[in-house]
Colleague: 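Could you have a look at this structure, given as structure tokens, before my questions?
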Amino acid sequence: SFRLRLTLSVAAAVALAVAVACAIAYVVVGQQLHGQVDSSLEAQAALLSQSTVSPALRARLGGPFASADTYYWQAVYANGAVRQPQAFVGMQKLLVTQVALNAAKSKTSTVLTTMTVHGIHLRVATVSIVPGVSVQVARRLTDADVVLSKLRKWFLIVAIGGVALAAVLGALVAREALRPVRKLTD
């Protein structure tokens with residue numbers, strides 16, 4: 001019937017609007033969270049690339065992936081060899097990427113990538129430090145992942161609620177829009 005089609009059209013329009021709004025908000029929040037991590041990684045990479053690494057700096061950077069605010073780093077040589085600072089010796093190494101090898105072979109700007117090491121989701125900044133050596137600085141993405149996971153759940157609830165509300169409103173709009181037609185046919 002025309003009333004059902006009108007109800008479904010209004011419901012679909014509102015549902016689409018809610019879904020688009022949720023998707024845009026999710027992408028914006030994700031970019032903000034990753035942007036904060038990226039900025040801190042770039043700062044640490046710049047710090048490591050501009051000076052010799054002192055024991056005080058190693059202590060400040062902390063152990064690998066102990067918390068979301070802890071950085072881990074390793075040197076990558078052009079031949080693919082990896083050297084960990086003394087504080088990290090014996091701990092899981094980052095994957096040696098082509099980006100790290102290229103940075104070791106020639107001077108490059110900081111490159112940001114994402115990887116998973118032993119199930120830990122990481123953001124990694126890679127930068128050349130001296131000819132033949134690059135450094136990979138990593139930070140967990142756990143906090144960002146948790147926030148984005150919660151957002152997905154809430155946005156799903158909002159989207160389902162939006163569709164239900166849209167269906168109810170669509171039925172009301174259709175009923176009111178067709179009232180004059182009903183009066184004419186009665």
Side-chain angles (χ1 to χ4, degrees), residues 19-156 158-159:
V20 167
C22 287
I24 289 170
Y26 180 82
V27 168
V28 168
V29 169
Q31 288 176 339
Q32 289 293 317
L33 290 171
H34 288 136
Q36 292 170 357
V37 171
D38 289 351
S39 294
S40 68
L41 278 172
E42 287 172 332
Q44 291 297 330
L47 185 64
L48 286 170
S49 69
Q50 294 170 1
S51 64
T52 13
V53 181
S54 68
L57 175 62
R58 283 198 301 269
R60 190 167 70 77
L61 289 177
F65 324 130
S67 74
D69 292 326
T70 302
Y71 300 90
Y72 168 81
W73 62 274
Q74 66 186 21
V76 177
Y77 294 85
N79 65 2
V82 174
R83 182 163 180 246
Q84 296 174 309
Q86 190 62 38
F88 304 146
V89 168
M91 296 181 183
Q92 182 64 36
K93 295 177 182 173
L94 299 173
L95 304 174
V96 175
T97 62
Q98 192 61 48
V99 169
L101 293 172
N102 291 344
K105 292 175 184 171
S106 62
K107 189 74 174 163
T108 62
S109 58
T110 303
V111 177
L112 295 160
T113 55
T114 303
M115 70 174 63
T116 302
V117 177
H118 278 306
I120 299 171
H121 192 205
L122 303 169
R123 190 74 170 151
V124 181
T126 304
V127 65
S128 304
I129 53 172
V130 294
V133 183
S134 68
V135 69
Q136 292 177 300
V137 184
R139 184 174 171 191
R140 290 176 86 116
L141 286 175
T142 307
D143 288 347
D145 291 342
V146 167
V147 168
L148 290 173
S149 174
K150 286 180 181 179
L151 271 179
R152 277 192 302 274
K153 290 173 188 169
W154 277 108
F155 285 160
L156 181 62
V158 167

Colleague: Hey, what do you get for CZ (Arg123) to OG1 (Thr114), rounding to the nearest 0.5 Å?
Modeller: 4.0 Å
Colleague: Checking Gln74 side chain against Val135 main chain: does a donor-acceptor pair fall under 3.5 Å?
Modeller: no
Colleague: Run the side-chain contact (heavy atoms from CB on, under 4.5 Å) check on Val117 and Lys93 step by step: do they pass?
Modeller: CA-CA 8 Å; Val117 177; Lys93 295 177 182 173; over 6 Å; no
Colleague: Say you draw a straight line from NZ of Lys105 to OG of Ser128; how long is it, rounded to the nearest 0.5 Å?
Modeller: 12.0 Å
Colleague: Could you check if a side-chain atom of Val133 sits within less than 4.5 angstrom of a side-chain atom of Arg83, using non-hydrogen atoms only?
Modeller: no
Colleague: Atom CG of Leu112 and atom OG1 of Thr126: how far apart are they, to the nearest 0.5 Å?
Modeller: 8.0 Å
Colleague: Can you tell me how far OH of Tyr26 sits from CG of Leu148, rounded to the nearest 0.5 angstrom?
Modeller: 4.5 Å
Colleague: Is there side-chain contact between Arg139 and Leu122, with heavy atoms separated by less than 4.5 Å?
Modeller: no
Colleague: Does Arg152, at its CZ atom, have more than 12 non-hydrogen atoms belonging to other residues, nucleotides or ligands within less than 6.0 Å?
Modeller: yes
Colleague: Look up atom OG in Ser39 and atom CD in Gln44, then write down how far apart they are to the nearest 0.5 Å.
Modeller: 12.0 Å
Colleague: May I ask you to decide if Leu95's main-chain N or O and Gln136's side chain share a donor-acceptor pair within less than 3.5 Å?
Modeller: yes
Colleague: Under 3.5 Å, is there a donor-acceptor pair between the side chain of Ser149 and the main chain of Asp145?
Modeller: no
Colleague: Side chain of Thr97, backbone of Ala100: donor and acceptor closer than 3.5 Å?
Modeller: yes
